[in-house]
Amino acid sequence: MYDRLKGFRDFYPEEMAGRRRAMDAVEASAARYGFREIDTPALERAQMYADKSGDEIVEEMYSFEDKGGRHVAMTPELTPTVARMVVDKGQELSKPIKWVSTRPFWRYEQVQQGRFREFYQTNVDVFGSSAPEADAEVLAVVANAFVDLGLTSEDFEFRVNHRDVLGGLLATFGDDVDTEAGIRAVDKSAKVEPEEYYDLLVDAGLTRDQASQLDDLLKGGDLDEIAAFAGTDRVREGVENLRAILAVTEDFGVREYCTLSLETARGLDYYTGAVFECFDSAGEVSRSIFGGGRYDDLIESFGGQPTPAVGIAPGYATLTLLLQRAGVWPEGEEAISTDYYVLQAGDVREEAARVARALRERDHVVASDVAGRSFGAQMDYADSINAETVVIVGERDLANDEVTIKDMETGDQTQVPVEDFPGDRQRPTYDDFA
RNA sequence: UCCGGGCUAGGGUAGUGGUUAUCCUUCAGGCUUGUGGAGCCUGAGACGCGGGUUCGAUUCUCGCGCCCGGACCCA
């Protein structure tokens with residue numbers, strides 16, 4: 001026996017059915033908004049991440065030297081790759097660019113709930129629009145997909161904030177305030193004791209009183225009050241932008257899934273505007289489901305034209321947990337279903353093959369014996385794959401030019417003339433012949 | 001990297017310093033040469049790995065690995 005590598009998972013059919021359904025829902029939703037699918041390499045030059053990603057990501061990379069002496073890395077995230085792709089094509093691509101991509105990523109991290117070393121996510125990005133419609137659209141793509149999967153506003157919420165509101169507010173407390181540290185402190189506020197939170201803010205350069213003021217303003221959640229308190233254009237514009245985004249989510253019909261959350265910060269440094277984070281409303285999935293946000297400076301930092309960008313990237317490890325806890329994850333027959341099992345009894349290969357082919361031409365899932373098994377064993381198997389209908393093609397019936405149609409739910413069965421099956425019917429069942 | 005809790009057939013479990021390691025389930029075959037979801041029979045299948053203590057270790061001990069949580073960090 002060989003061990004599976006820690007943090008890498010096998011997906012057996014039943015679980016894969018749920019994953020397929022989830023991935024299809026997100027991709028189909030993106031497609032309905034006109035996002036185009038792209039695919040990207042699993043390996044990139046490690047230098048790209050060393051230059052563009054944070055130290056944490058670089059330390060967690062699966063990287064090695066290939067046979068040509070190149071220092072390469074298994075992609076730990078998609079954003080640098082798509083940024084590279086946008087820059088590569090230069091002016092050739094008409095804006096806005098709307099791309100979607102589902103694929104695995106790799107990070108050498110500690111394995112725990114909802115986090116693995118190989119993980120799949122769907123990245124949904126818009127390049128070339130700084131309008132609030134773009135931010136709202138990526139939120140809407142994911143919200144629509146979640147609703148399609150059976151989730152409701154009881155199950156999840158998108159917390160929306162803006163870097164210019166939070167960062168701009170921090171900046172008004174003094175020139176020597178480290179806004180990045182302040183943002184990280186705010187990001188932690190829900191997790192740590194108030195004392196520790198205040199200490200972190202003080203470390204970022206605020207006074208004790210300012211920390212208290214900031215806490216009150218954020219908790220109050222009044223955008224007008226914050227804009228008035230800060231009195232800077234940056235905060236005022238951030239507030240306007242945030243309101244505009246939320247207003248557009250109304251147009252998309254997904255406003256109810258979005259919550260203004262001034263304490264949502266996101267760890268990544270490259271976000272420049274709106275930031276979003278998805279949470280389990282019930283609080284049972286302890287970590288954020290996924291995040292996203294606006295990164296208007298990244299393309300330029302890759303050497304391209306200044307190009308605003310916004311993206312969101314639901315990951316399937318945490319989404320699976322959310323779906324399971326909401327009771328909308330396929331189990332049993334929902335996961336593994338079979339329309340027909342064509343059972344062979346005796347030397348009936350030709351006729352059984354004809355029946356199976358006819359049903360497959362009608363686009364049904366049709367299984368038949370490929371192991372020379374006994375009647376009882378085939379029946380057992382048909383049951384185990386949740387066959388809805390069993391078509392028994394047997395020597396005895398065939399002697400009368402008949403086959404037997406059996407409803408596996410009720411156990412009812414009846415003989416039908418072999419030339420009448422499937423006949424003109426698109427999806428013949430026992431009930432058609434009873 | 002750190003902190004808990006675990007590890008006995010595919011899944012769930014009982015148990016023991018000493019003959020052939022328990023039971024349920026599962027899987028294969030049969031009872032029934034043409035009927036699954038009930039029953040019975042037969043068979044398959046396990047002490048995570050390595051060192052130590054011991055005449056003897058699945059059991060005690062140490063280390064490692066893996067699993068499940070959590071911290072840090074993040075998606």
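Labels below follow one simple rule: chain letters A, B, ... track the order of the sequence lines, proteins then strands, and each chain is numbered from 1.
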Rounded off to whole Å, could you give me the [atom1]-to-[atom2] distance for the [X] and [N] pair?
X	N	atom1	atom2	value
Lys188(A)	C74(B)	NZ	C1'	11 Å
Glu118(A)	C74(B)	CD	P	22 Å
Glu14(A)	U26(B)	CD	C1'	15 Å
Asp125(A)	A75(B)	CG	P	13 Å
Gln112(A)	G5(B)	CD	P	17 Å
Tyr271(A)	C74(B)	OH	C1'	11 Å
Arg184(A)	C72(B)	CZ	P	15 Å
Glu109(A)	A71(B)	CD	C1'	14 Å

message: Quick check on the 6.0 Å ring-centre criterion: do Phe146(A) and Phe156(A) meet it?
response: yes
message: Using ring centroids (six-membered ring only for Trp), state whether Tyr316(A) and Phe119(A) fall under 6.0 Å.
response: no
query: Do side-chain atoms of Asn161(A) reach the backbone of Leu262(A) as a donor and acceptor pair under 3.5 angstrom?
result: yes
message: Under 4.0 Å, counting only non-hydrogen atoms across every strand here, what does Gln121(A) touch: a base, just sugar-phosphate, or nothing?
response: sugar-phosphate
message: For a quick check of understanding: with a heavy-atom distance under 4.0 Å over all strands, which category does Phe116(A) fall into, base, sugar-phosphate or nothing?
response: base
Mind checking the [atom1] distance from [N] to [M]? Whole angstroms is fine.
N	M	atom1	result
U13(B)	U58(B)	C1'	15 Å
A44(B)	C7(B)	P	27 Å
A14(B)	A9(B)	P	12 Å
G70(B)	U8(B)	C1'	27 Å
A46(B)	C41(B)	P	22 Å
C31(B)	G69(B)	P	46 Å
C3(B)	A21(B)	P	39 Å
A28(B)	G36(B)	P	14 Å

Kindly say if [X] contacts the phosphate of [N], meaning a side-chain N or O under 4.0 Å from OP1 or OP2.
X	N	value
Arg373(A)	G29(B)	yes
Lys6(A)	C67(B)	yes
Gln113(A)	G70(B)	yes

Could you write out each protein N or O paired with an N or O of nucleotides 35-43 of chain B at a distance under 3.5 Å?
unit_1	atom_1	unit_2	atom_2	d
U35(B)	O2	Lys406(A)	NZ	3.1
U35(B)	O2	Gln413(A)	OE1	3.3
U35(B)	N3	Gln413(A)	OE1	2.8
U35(B)	N3	Gln413(A)	NE2	3.1
U35(B)	O4	Gln413(A)	NE2	2.6
G36(B)	O2'	Asp383(A)	OD2	3.1
G36(B)	N1	Met408(A)	O	2.6
G36(B)	N2	Asp383(A)	OD1	3.0
G36(B)	N2	Met408(A)	O	2.7
G36(B)	N3	Asp383(A)	OD1	3.3
G37(B)	O4'	Asp383(A)	OD2	3.4
G37(B)	N2	Met408(A)	O	3.4
G37(B)	N2	Glu409(A)	O	3.1

message: If you define the side chain from C-beta out and look only at heavy atoms, does anything of Phe252(A) sit under 4.5 Å from Tyr33(A)?
response: yes
field: Electrostatic pair Arg362(A):Asp339(A) at N-O distance under 4.0 angstrom
entry: no
Is the closest side-chain donor-acceptor distance between [X] and [Y] under 3.5 Å?
X	Y	answer
Tyr341(A)	Asn386(A)	no
Gln415(A)	Thr404(A)	yes
Ser368(A)	Gln344(A)	yes
Tyr198(A)	Asp215(A)	yes

task: Answer yes or no: side-chain N or O of Arg4(A) and base N or O of C67(B) forming a donor-acceptor pair under 3.5 Å.
output: no
No-H, no-angle donor-acceptor pair, Gln110(A) side chain to A71(B) base, under 3.5 Å: no
- prompt: What's the verdict on side-chain contact (heavy atoms from CB on, under 4.5 Å) for Asp432(A) and Arg425(A), showing C-alpha distance, side-chain angles and the deciding distance?
  reply: CA-CA 9 Å; Asp432(A) 293 322; Arg425(A) 297 174 186 80; 3.8 Å; yes
field: Most 5' of Arg396(A) and Arg117(A) on RNA chain B, judged by nearest nucleotide
entry: Arg396(A)
query: How do Ser384(A) and Arg115(A) order along RNA chain B: which one's closest nucleotide is nearer the 5' end?
result: Ser384(A)
task: Using Watson-Crick or G-U wobble pairs with both distances under 3.5 Å, give me RNA chain B in dot-bracket, 5' to 3', with [ ] for crossers and | for pairs to another strand.
output: (((((((..(((.....[....)))((((((.......))))))...(((((..]....))))))))))))....
field: Criterion ring-ring contact (aromatic ring centres under 6.0 Å, His included) against Tyr62(A), the qualifying member of Tyr108(A), Phe105(A), Tyr49(A), Trp106(A)
entry: Tyr108(A)
field: Aromatic ring of Phe119(A) stacked on base six-ring of A75(B), 5.5 Å, 30°
entry: yes
